[in-house]
Protein chains: 2
Amino acid sequence: MDRDQTDKDDEASAHERPTLKTLAFMTGLGVTTVSRALKDAPEIGAETRRRVQLVARQIGYRPNRAGVRLRTGKTNVISLVLNTEREIMSFVSDIIYGVSEVIADTPYHLIVTPYSRSQDPLDPVKYLVESGSADGVIISRTQPNDPRARYMLERGIPFATHGRTDMGLVHPYHDFDNYAFAAEAVRHLAGIGRRRLALVTPPVGLTYYGHTVNGFADALGEVGASEVPFNTVSIDQSIDQIRTRTAQLMRRDVRPDGFVSSAAAATLAIVAGIEDAGLKLGRDVDVVSKQSSELLHLFRRELLVVNEDFRLAGTELARAVLGWIGGGAPGSLQSVVKPGNVVSYSG
Amino acid sequence: MDRDQTDKDDEASAHERPTLKTLAFMTGLGVTTVSRALKDAPEIGAETRRRVQLVARQIGYRPNRAGVRLRTGKTNVISLVLNTEREIMSFVSDIIYGVSEVIADTPYHLIVTPYSRSQDPLDPVKYLVESGSADGVIISRTQPNDPRARYMLERGIPFATHGRTDMGLVHPYHDFDNYAFAAEAVRHLAGIGRRRLALVTPPVGLTYYGHTVNGFADALGEVGASEVPFNTVSIDQSIDQIRTRTAQLMRRDVRPDGFVSSAAAATLAIVAGIEDAGLKLGRDVDVVSKQSSELLHLFRRELLVVNEDFRLAGTELARAVLGWIGGGAPGSLQSVVKPGNVVSYSG
DNA sequence: TTGGCAATCTGTAACGTTTCAGTATATTGA
DNA sequence: TCAATATACTGAAACGTTACAGATTGCCAA
């Protein structure tokens, strides 16, 4: 109850941000008690707890993040590691929104950690871990043997990958079932009479490249269609390149009558290439494409689409990291979402 | 030179992160001296300074963010405040990349602070300021009389707005010259013989709504063309709504022969609406549209486009906030970028 | 009555940094 | 020679939090 040393701060100043000390002064308790009362520690009396929490709520007390972080090492930060290569119709905003949605009512903040293509993708992850800047990390562009995942597992920092790995190591992930997508796309094309199919693959080296290629190949065998090799093209190439290569391909004698495309931007280029070669979508050739925004049907009504929800990916990834941070088993924080049906907007 | 109390930590443990104490021990100096030597304080001897900095570099010392933040209040964080409403072809990834690029070689981290449309846009800003979570803030969807800008000016926290305000208050901003865009678009359409023009406006209430409308109106007068009212439509409406309204409009007797559109997604809908009404782009009607990705020419070759670079907006906004934080005059941290020419991909 | 124990509460130290108020040594002025 | 001053460094305190090791009280068993 002595008030000798508390004069300098706390009271009477315009309106400082309240701290535990402020609360302690107001309630007449010690800082320790206040700290514990706020986190429902067992050794605090029920009434005291209620009283402290009431006052805290009234004056809008928020724990100082720097204080907590310095003392406990807990940053309350999730980092989303992103490649900054500019792409048309990037999905990163959707992922960000998804993550934001989940962490909105948690104390977590989302920081975006970028790296450029010229950098080693391991660099930003190393930085985060070594500088202790985040409690959890989300990475994308996952590879079957991913050094980033391996590194974080070694260092024991919770993370989730967008896309699976294939290293025999268990960690949280979220993935879209690209095997099923490619297979369904092939089946659909076969169903409307297409027999010679080409695949526009994901970036070589990423895990879902393999999934997509396998789904495509397996379904080809199943329906008895054949592949028109188009290996030189993947969705991370430039629009112009894809367009040119497609036009070249379509001018050949043995040209595909169906395409499976792993990304909407690439699809725009493919269609342009097809039309450059004087052919018509829906008549000479059909295209099944993944898209993350409902826009391809505006582009050409004949396009066949499968939707991939990146906002969902964001929420799942966020839930996964938070789950791991919260002590959940990594193996139980994995999800794969099945693609919906192939959608047609024309007849 | 006594080594009695330093035994517990520092040496011999596997590999803790180095702190000032570590450096002090290694150099044989006091923590204070080390701290000062690292920031080139004047009262440190030249050789000592060099020695400390050398050792620091060698062992990869990085100041502990929580320590600095707790002591000084400096967070080394820039927050980008974003509306999370999902839009087709969102530009937010570009802005993020732009901001990231600028802060990449600074100690700053970028945190993304989202808010949903149902929230008061002031909420996230209040949160940031009251919780002292950032040294600087970037906001978009700026209004002529923007409560967020006013609030941050009052509280003295550095910020930059994407888009100008009109409150007689001075603060950093970056803006695209939408007046010039709309005016140029009108002139271009007039130049190819279009006389009855409709405008698809930005969201009502945002500053650039006014700029766009004024540029459009002024240029109409200048070239002697007339406006076909289309006031019910703005770019933040849904694709379907815009499409339907456009089709309705195009079926009327007095229909426009030219459109000016403030966003690529809306343009897709407009074109769809035009074609729904049985009319043909380039023959019956021309459309000038802004776009932030080079994709509209793939959609319809006849589209006329003006490019807006959101990555540039990101870099400019980041530079502006950092400039203000660094003590620059707010009035000197403003930029408006002129639109490029109207680009045609057909003839 | 007393010792033990559970229930509540408290002060101190520490996380890593910067600031404040020195201290020790060398240099200068008279 | 002595004091004043500049130079180069230092320890202690503080930012807000939590963990540790008590302290105080009341109650019960013996």
Side-chain angles (χ1 to χ4, degrees), chain A residues 1-2 4-10 13 16-52 56 59 61-76 107 130-133, chain B residues 1-2 4-10 13 16-52 56 59 61-76 107 130-133:
Chain A
M1 292 299 163
D2 55 354
D4 40 27
Q5 286 301 67
T6 31
D7 51 352
K8 195 180 65 197
D9 35 26
D10 286 339
S13 72
E16 300 285 307
R17 197 148 93 94
T19 70
L20 288 182
K21 208 159 136 199
T22 321
L23 283 179
F25 177 75
M26 295 179 74
T27 55
L29 297 162
V31 252
T32 306
T33 311
V34 173
S35 171
R36 287 177 140 135
L38 288 175
K39 46 175 53 79
D40 289 320
E43 63 264 71
I44 300 295
E47 193 200 309
T48 306
R49 192 196 341 270
R50 260 182 284 118
R51 201 157 59 86
V52 170
I59 66 173
Y61 167 78
R62 304 247 142 228
N64 178 302
R65 314 191 111 233
V68 176
R69 180 164 171 177
L70 182 57
R71 179 62 235 241
T72 65
K74 179 129 214 277
T75 63
N76 282 310
E130 284 172 6
S131 66
S133 293
Chain B
M1 296 303 159
D2 54 353
D4 39 26
Q5 287 300 66
T6 32
D7 50 352
K8 195 179 64 198
D9 36 24
D10 286 339
S13 74
E16 300 287 305
R17 215 176 136 215
T19 70
L20 287 182
K21 208 160 137 198
T22 321
L23 283 178
F25 178 74
M26 295 180 74
T27 55
L29 297 162
V31 257
T32 306
T33 310
V34 172
S35 171
R36 287 177 142 136
L38 288 176
K39 47 175 53 80
D40 289 320
E43 64 265 69
I44 300 296
E47 193 201 311
T48 306
R49 191 196 339 271
R50 258 182 285 117
R51 202 157 59 88
V52 170
I59 65 174
Y61 168 78
R62 304 247 140 228
N64 178 303
R65 314 190 111 233
V68 176
R69 182 164 168 177
L70 183 56
R71 178 64 233 241
T72 65
K74 179 127 212 272
T75 63
N76 282 311
E130 283 172 6
S131 66
S133 293

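Since we're looking at a predicted model, the values are computed, not measured. Below, read A as the first sequence line, B as the second, and so on, with proteins coming before strands; counting in each chain starts at 1.
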| query | What parts of residues 31-39 of chain B reach DNA chain C, counting only heavy atoms under 4.0 Å away? | reply | B/T32, B/S35, B/R36, B/K39

| Heavy-atom side-chain proximity of B/V52 to B/I44 below 4.5 angstrom | no

| Which atom of B/Y61 lies closest to which atom of B/L38, heavy atoms considered | CE2-CD1, 3.6 Å

| request: Round to a whole Å and report the spacing from CG of B/D40 to C1' of C/dT18. | output: 16 Å

| query | D/dA14 P sits how many Å from B/K74 NZ, rounded? | reply | 25 Å

| Looking only at heavy atoms, what is the nearest atom pair of A/V31 and A/K21, with distance? | CG1-N, 3.7 Å

| request: Give the rounded distance in Å between these two atoms: CZ of A/R71 and P of C/dT12. | output: 16 Å

| field | B/T33 OG1 to B/L23 CG distance, which is reported to the nearest 0.5 Å | value | 12.0 Å

| said: Applying side chain to side chain contact (heavy atoms under 4.5 Å, CB included) to B/R69 and B/N76, what does each step give before you reach the verdict? | reply: CA-CA 8 Å; B/R69 182 164 168 177; B/N76 282 311; over 6 Å; no

| query | Just how far, in rounded Å, is C1' of D/dT7 from CD of B/E43? | reply | 10 Å

| Can you tell me how far C1' of D/dT18 sits from CG of A/N76, to the nearest Å? | 14 Å

| query | Between D/dT18, D/dG16, D/dC9, which one does the side chain of B/L29 approach most closely? | reply | D/dC9

| query | Around A/E43, counting heavy atoms of other residues, nucleotides and ligands shown, do more than 12 lie under 6.0 Å from its CD? | reply | yes

| If you measure from OG1 on A/T75 to CG on A/L70, what distance do you get to the nearest 0.5 Å? | 13.0 Å

| request: Take atom CG of B/L20 and atom C1' of C/dC15, then tell me their distance rounded to the nearest Å. | output: 13 Å

| Rounded interatomic separation in angstrom, taking CZ from B/R49 and C1' from D/dC9 | 13 Å

| Minimal non-hydrogen separation, A/S133 against B/R65, with atom names | OG-CD, 4.4 Å

| field | Degree of bending in the helix from C/dT1-D/dA30 to C/dA30-D/dT1 once both end axes are built from five pairs, to 10° | value | 60°

| Which value, rounded to the nearest 0.5 Å, describes the distance between A/T19 atom OG1 and A/R17 atom CZ? | 9.0 Å

| note | Of all heavy-atom pairs linking B/G30 and B/A24, the shortest is C-CB, 3.9 Å

| remark: Residues in residues 61-68 of chain A with a heavy atom under 4.0 Å of DNA chain D, by number, are A/Y61, A/P63, A/N64, A/G67, A/V68

| Given B/E16 and B/T22, is the side chain to side chain contact (heavy atoms under 4.5 Å, CB included) satisfied, shown in steps? | CA-CA 10 Å; B/E16 300 287 305; B/T22 321; over 6 Å; no

| note | From NZ of A/K21 across to C1' of C/dG11 the rounded distance in Å is 14 Å

